[in-house]
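Contents: one structure, followed by commentary.
Counting convention: from 1, in listed order, for ligands and their atoms alike. Note that the structure is predicted; figures quoted are calculated from it, not measured.
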Amino acid sequence: MSKFWSPLTASLVPYVPGEQPKDKTYIKLNTNENPYPPSPKAIEAIRNAAGADLRLYPDPTCDELIRKAAAYYGLRPEQVFAGNGSDEILAFAFAAFFDPANKVQFPDITYSFYKVYAKLYGLQAELIPLDERFRIPIDRFRGTGGVVIPNPNAPTAELVPLAQIRELLENNKEQAVIIDEAYIDFGGESAVPLISEYPNLLVVQTLSKSRSLAGLRVGFAFGSEELIDGLNRIKNSFNSYTLDRLALAGAVASFEDEAYFKETTAKVIATRERVSEQVAALGFKLTESKANFVFISHPSIAAERIFRELRGKGVLVRYFNQPRIDGYLRVSIGTDEEMDAFIRALREIV
Ligand code: PMP
């Protein structure tokens with residue numbers, strides 16, 4: 001607390017990001033990064049952009065990148081917004097579409113930034129509990145103040161099938177519905193094609209996970225022109241240069257290397273399936289993952305103990321000291337070698 005803080009600052013409960021240790025010797029399976037490097041084409045484009053032109057401001061409307069992202073999904077550029085990571089876009093969307101007079105709904109176990117943004121913008125939140133198998137009960141989302149659903153959900157990794165997303169949209173036509181597809185490329189089906197039917201649907205995606213560019217901070221939103229206009233009003237009231245020149249160059253090049261994206265995504269999925277079988281064979285319960293992480297629980301050994309012992313063996317995973325999921329660990333999918341080391345460490349513990 002400080003006497004210089006505004007009442008807003010004093011009221012905030014900031015997000016605590018996963019650990020990013022300086023010590024590179026850890027096998028880092030705690031923040032859902034991609035274990036493979038970004039496309040060599042993206043790295044080369046960033047190198048080429050690191051020159052004299054950095055004295056110039058970047059393109060405030062991100063035209064080239066937005067054209068690429070639009071073409072990828074067969075959308076018009078007016079239906080696409082680019083931002084500094086999907087976290088920034090989600091912040092803009094909470095500000096742009098949700099009214100403090102109504103309650104915004106999201107699952108009770110979900111990406112914890114949603115709560116932080118709700119607080120930041122003075123919104124009331126209604127948290128809808130997951131069912132006993134950690135699935136999102138779609139028919140309970142009938143709010144008046146907007147809906148936010150990550151698909152797949154984090155940290156539970158469960159996917160909501162597209163037919164249920166359509167049901168959600170049918171039940172909520174009068175307020176914005178945000179589908180956060182940070183992990184959609186690891187086995188889900190995107191809701192982007194529904195944009196043409198539902199002007200209140202905003203789909204948020206990121207290059208941080210399936211495109212291995214978490215360090216570059218690039219995200220997108222796809223939606224009707226009126227929603228994208230709303231995001232641009234918010235963006236231009238903060239800082240119209242949200243994406244820098246290096247990010248724009250790297251992101252454009254990443255879209256030009258589809259083969260690399262497909263290959264690395266397929267590898268992560270194959271490793272996830274193998275690791276899921278191995279942890280199940282060690283006695284763990286798992287949710288059905290369509291993300292680049294698994295959510296696992298041991299019937300008799302406390303998750304916190306496994307977390308600490310893994311850490312002692314140089315393997316970092318994520319433990320949530322939170323009701324209902326404090327028996328679980330979220331383990332990001334690394335390379336095959338990293339996951340072999342994880343399984344070896346786990347065998348010494350259980
Ligand atoms: N949504 C979800 C569900 C996430 O797990 C994350 C990553 N922590 C994000 C959004 C934000 O990703 P980024 O800002 O890197 O695009």
Side-chain angles (χ1 to χ4, degrees), residues 14-20 28-35 38 42 62 65 69 80-94 104 106-118 120 127 130 134 136 147-160 165 177-188 190-191 202-222 231 235 238 242-244 246-248 250-251 254-255 261 268 272 287 289-295 316-318 320 322 325 328-333:
Y15 178 75
V16 183
E19 203 180 344
Q20 296 289 351
K28 200 173 166 303
L29 309 176
N30 67 330
T31 47
N32 296 345
E33 287 132 335
N34 198 307
C62 309
L65 178 59
V80 181
F81 179 86
N84 223 322
S86 53
D87 279 341
E88 181 183 73
I89 297 178
L90 290 164
F92 288 174
F94 271 62
V104 54
F106 44 82
D108 68 335
I109 295 168
T110 194
Y111 185 35
S112 39
F113 235 130
Y114 303 154
K115 245 189 217 168
V116 176
Y117 291 141
L120 177 62
L127 308 186
L130 301 186
F134 287 143
I136 297 174
V147 171
V148 188
I149 286 189
N151 198 30
N153 195 9
T156 57
E158 290 271 353
L159 181 79
V160 178
I165 297 289
V177 172
I178 299 178
I179 307 294
D180 175 356
E181 294 189 338
Y183 303 103
I184 197 71
D185 294 327
F186 300 103
S190 175
L202 191 78
V203 179
V204 177
Q205 291 194 357
T206 178
L207 297 190
S208 295
K209 312 292 178 185
S210 56
R211 304 255 177 186
S212 305
L213 286 169
L216 207 60
R217 314 302 305 127
V218 180
F220 296 95
F222 305 101
L231 289 176
K235 170 186 163 184
F238 272 103
T242 54
L243 268 78
D244 64 61
L246 305 183
L248 288 170
S254 164
F255 274 107
F261 158 71
V268 170
R272 176 188 73 207
T287 57
S289 172
K290 293 286 182 212
N292 66 339
F293 54 91
V294 288
F295 196 53
L316 270 188
V317 301
R318 190 75 179 259
F320 299 89
Q322 188 181 320
I325 56 168
Y328 281 79
L329 297 171
R330 191 193 68 189
V331 184
S332 310
I333 300 300

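- Remark: among candidates T110, T206, V204, the nearest residue to atom 16 (O) of ligand 1 is T206, based on non-hydrogen atoms.
- Atoms of ligand 1 found under 4.0 Å from any heavy atom of A182, numbered from 1 in the order shown, are 1 (N), 2 (C).
- A donor-acceptor contact closer than 3.5 angstrom links the side chains of E181 and S190.
- Remark: the T242 side chain and the N84 side chain contain no N/O donor-acceptor pair separated by less than 3.5 Å.
- Taking 4.0 Å as the cut-off between side-chain N and carboxylate O, K28 and E33 count as a salt-bridged pair.
- Ligand 1 places these atoms under 4.0 Å from at least one heavy atom of G85: 14 (O), 16 (O).
- Each of the atoms 3 (C), 4 (C), 5 (O), 7 (C) of ligand 1 lies under 4.0 Å from some heavy atom of Y183.
- Atoms of ligand 1 lying under 4.0 Å from any heavy atom of R217, numbered from 1 in the order shown and given with element: 13 (P), 14 (O), 15 (O).
- Those atoms of ligand 1 that come under 4.0 Å of a heavy atom in K209, given as number and element, are 7 (C), 8 (N).
- Residues meeting the side-chain hydrogen bond (donor to acceptor under 3.5 Å, both in side chains) test with E19, sequence neighbours left out: R311.
- Each of the atoms 13 (P), 15 (O), 16 (O) of ligand 1 lies under 4.0 Å from some heavy atom of S208.
- A side-chain donor-acceptor contact under 3.5 Å links Y183 and N32.
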